[in-house]
Amino acid sequence: MPLISVEGLRTSFFTHAGVVRAVDGIDLAVERGEVVCVVGESGSGKTVAALSILGLVPDPPGRIVGGRVVFTDRDGERDLVGLSPRELRKVRGNRIAMIFQDPMTALNPYLAVGPQLTEVLALHRGMRGREATREAARMLGEVGLPAPETCLRQFPHELSGGMRQRVMIAMALLCEPALLIADEPTTALDVTVQAQILELILALKNKAGLAVLFITHDLGVVARIADRVAVMYAGKIVEEGSVFDVLERPAHPYTAALRRAVPSVTSDQPMREPALVCAAAPPSESVAATTGPTPLVVVEDLAVHFPVRGGLFARATQTVKAVDGVSFELGHAETLALVGESGCGKSTTARALLRLVRLSRGRVIIDGVDVAGLSGQRLRRARRSMQMIFQDPYASLDPRMTVLELVAEPLLVHRICKRTRDARPLVAQLIERVGLAQEHLHRYPHEFSGGQRQRIGIARALALGPKLVVADEPVSALDVSIRAQILNLMSELQRERGLSYLFIAHDLATVRRFADRVLVMYLGRIVESAPTHSLFATPAHPYTQALLAAVPSVEPAEERARRRLPLAGEPPSPLSVPQGCAFHPRCAHAFDRCRNERPELRKIRGSVVARSELAGAAIAGSVRVGAGVAGFGSERSQHEVACHLDEVAPP
């Protein structure tokens, strides 16, 4: 008997526009100790199928209209569809646990992390007091959170997106469930933590016979952990089989299209070739950045420090140096990627760039204006030319506003349109360009999937026609085909309007395809800076090498046979950054100088970047990049690294 068997499951949503058959008669089984991955595009029914298993479909408007979900464990065989709410609550979180896609909305914003974890232990395992606190801290450490005891006292909004997701994973694993339903559990995680979480899930599977129903759009993750794969399209399973059969020999045209849309971190093809195309997405070839003699953005010695207060009078007892002396430049119509592990300061850098957090020191010059010194109406006017796509679309969209109102709001605030109905033609055009339909204009954010909500956020950011777009994990919640469409759209808009992107991501394969240059960040500082092709061909810093080695491959045999570089321990807490090189506690090559002296960025090699449209053009001027000098708009770039190693070379 399988642990869980889904038989003819049908779930529909009854809306004013008609009946939406989100899950339309699927059959799926998961054995004990087996990992079954469900893949498909956003809106294909993956998440609704998972919610239906646990009776979590919102009613109204959703309802299970047919089928059975048979769960067989130590308490015998039960049809979960027929259980009462009270009986279901005994199963949820105990025998079947779920990791939700959106950690910010799944966690209670009014409670610290500790009480939310210990509540699970008290309810299902009878643990209370110090025993529950110790167990919660142990599990936070297991999923890779630094300083677990400190994390227990923090609130969800004080954690990065990746850290919140790890809290959710820890909560799901606390009761050692028989079945784990994981809905995009590694979407918000960087590649090293993703690898750690996947290894943890596999270890639990092998040790305790844990069964896993894993919903994802990352085929590299599928290749790493899946035993079997089910491919969903329009509420139905169109292909099912072993991971080797489905990924290496896809039988259905839809599966083959998904497979072709996956970017590769090891591909020898050109960086900007239009390979990110799937299904109906039209090819949209990107062109190289057409830089001018001066950059659009200049960031000098940027620092953002947060005081940690405690005691009776809430005095500042410690300081978190989230960003500590970051300098970089971004050219006109250029894409600069910022990568690094969760909690390294990427999102804080982005928010500081747009003046969404207070700067501790430094300058931020955008289009010749020092925005660090602006306030009031002057800052509001400046923000028209710089917009942000946030990492968490559900938290950044007002749940009380329709799509039309959300996308039209920036146009009304900046008085481009007087009324919402005047903005409708432009909003409709933007919505269609990001892959939605006009019929979606009067729906609310909760009526969309995670990927669809992200597309609404992108449309809202583009409404004002900005020069600079700060994209904080803009495609992390999207499946591979929609990701391809969005990246093609962003490239097309860059070519048409001369947009510049600061692209924050943990998906290095996407970065390789989309970015012109890459900055690698670790504990608030830049440790490596290089043109994209140079960084991926010859990564210099040991940290960069470890990041690239952790990127999963979509080929199952290659993924399971590959050897990863050792990356000892967890990232140190920002409250206690190590002396000298911050990476030295985890570096296999560290020596005495690394422990005592902090390295600065230094040029290690020059590299030629081919830009056909600039060939032969003599563009004068040079600008500082980190600690070196490079000609902006010329054909020469440079590779910089902050490391004490005398010889830096790829692994």
Side-chain angles (χ1 to χ4, degrees), residues 190-192 194-195 218-220 223 261-276 286-289 328 330-331 334-341 344 346 471 473 475-476 480 483-484 487 491 501-522 526-555 558-559 562-565 567 583 601 603-611 625-626 628 630 635-643 645 647-651:
D190 53 80
V191 289
T192 55
Q194 173 180 272
D218 189 334
L219 296 187
V262 179
S264 171
V265 77
T266 58
S267 172
D268 292 330
Q269 297 177 354
M271 297 299 104
R272 306 297 290 253
E273 54 120 36
L276 292 173
S286 301
V287 298
F328 63 87
L330 174 60
E334 184 184 29
T335 300
L336 177 65
L338 186 58
V339 304
E341 291 177 291
C344 71
K346 305 187 300 295
E473 304 279 7
V475 294
S476 64
V480 289
R483 180 187 306 175
L487 292 177
S491 296
Y501 294 119
L502 179 63
F503 189 80
I504 299 172
H506 59 256
D507 185 342
L508 298 182
T510 297
V511 167
R512 187 178 191 271
R513 291 290 182 188
F514 189 64
D516 297 302
R517 289 189 297 121
V518 183
L519 302 177
V520 182
M521 205 168 179
Y522 186 78
I526 302 297
V527 298
E528 188 162 358
S529 167
T532 304
H533 79 282
S534 176
L535 184 107
F536 280 82
T538 55
H541 198 282
Y543 177 62
T544 310
Q545 296 171 10
L547 286 180
L548 294 177
V551 178
S553 168
V554 76
E555 301 293 344
E558 175 187 333
E559 172 59 25
R562 68 191 300 194
R563 182 182 66 84
R564 287 182 166 82
L565 293 181
L567 190 57
F583 186 65
L601 276 173
K603 180 178 177 180
I604 58 171
R605 67 177 76 95
S607 57
V608 176
V609 181
R611 301 193 187 281
V625 181
E635 292 187 348
R636 181 157 297 279
S637 297
Q638 64 186 34
H639 195 139
E640 296 178 319
V641 66
C643 187
L645 295 175
E647 295 182 3
V648 283

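Note that the structure is predicted; figures quoted are calculated from it, not measured.
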Where Leu502 and Leu330 come nearest, the two heavy atoms and their spacing: N-CD2, 4.2 Å

Value rounded to 0.5 Å, distance of CD in Glu528 from OG1 in Thr544: 3.5 Å

Nearest-0.5 Å distance that lies between atom CD in Glu640 and atom CD1 in Ile526: 10.5 Å

Minimum heavy-atom distance between Ala540 and Gln545, given as atom pair plus value: O-NE2, 3.3 Å

Residues Leu601, Phe328; criterion side-chain contact (heavy atoms from CB on, under 4.5 Å); working and verdict: CA-CA 11 Å; Leu601 276 173; Phe328 63 87; over 6 Å; no

Distance-minimising heavy-atom pair for Ser534 and His639: OG-ND1, 2.7 Å

Rounded distance (nearest 0.5 Å) linking atom NZ of Lys346 with atom CG of Leu519: 12.5 Å

Spacing of CZ belonging to Phe583 relative to SG belonging to Cys643, to within rounding of 0.5 Å: 9.0 Å

Centroid separation His541 to Tyr522 less than 6.0 Å: no

Nearest-0.5 Å distance, SG of residue Cys344 to CD1 of residue Ile504: 9.0 Å

Modelled atom types, side-chain donor and acceptor of Glu341 and His506, under 3.5 Å: no

Side chain Thr532, main chain Arg512, donor-acceptor under 3.5 Å: no

Audit row: Leu535, Val520, side-chain contact (heavy atoms from CB on, under 4.5 Å) steps and yes/no: CA-CA 10 Å; Leu535 184 107; Val520 182; 3.9 Å; yes

Distance, nearest 0.5 Å, that separates OH of Tyr501 from CG of Leu487: 9.5 Å

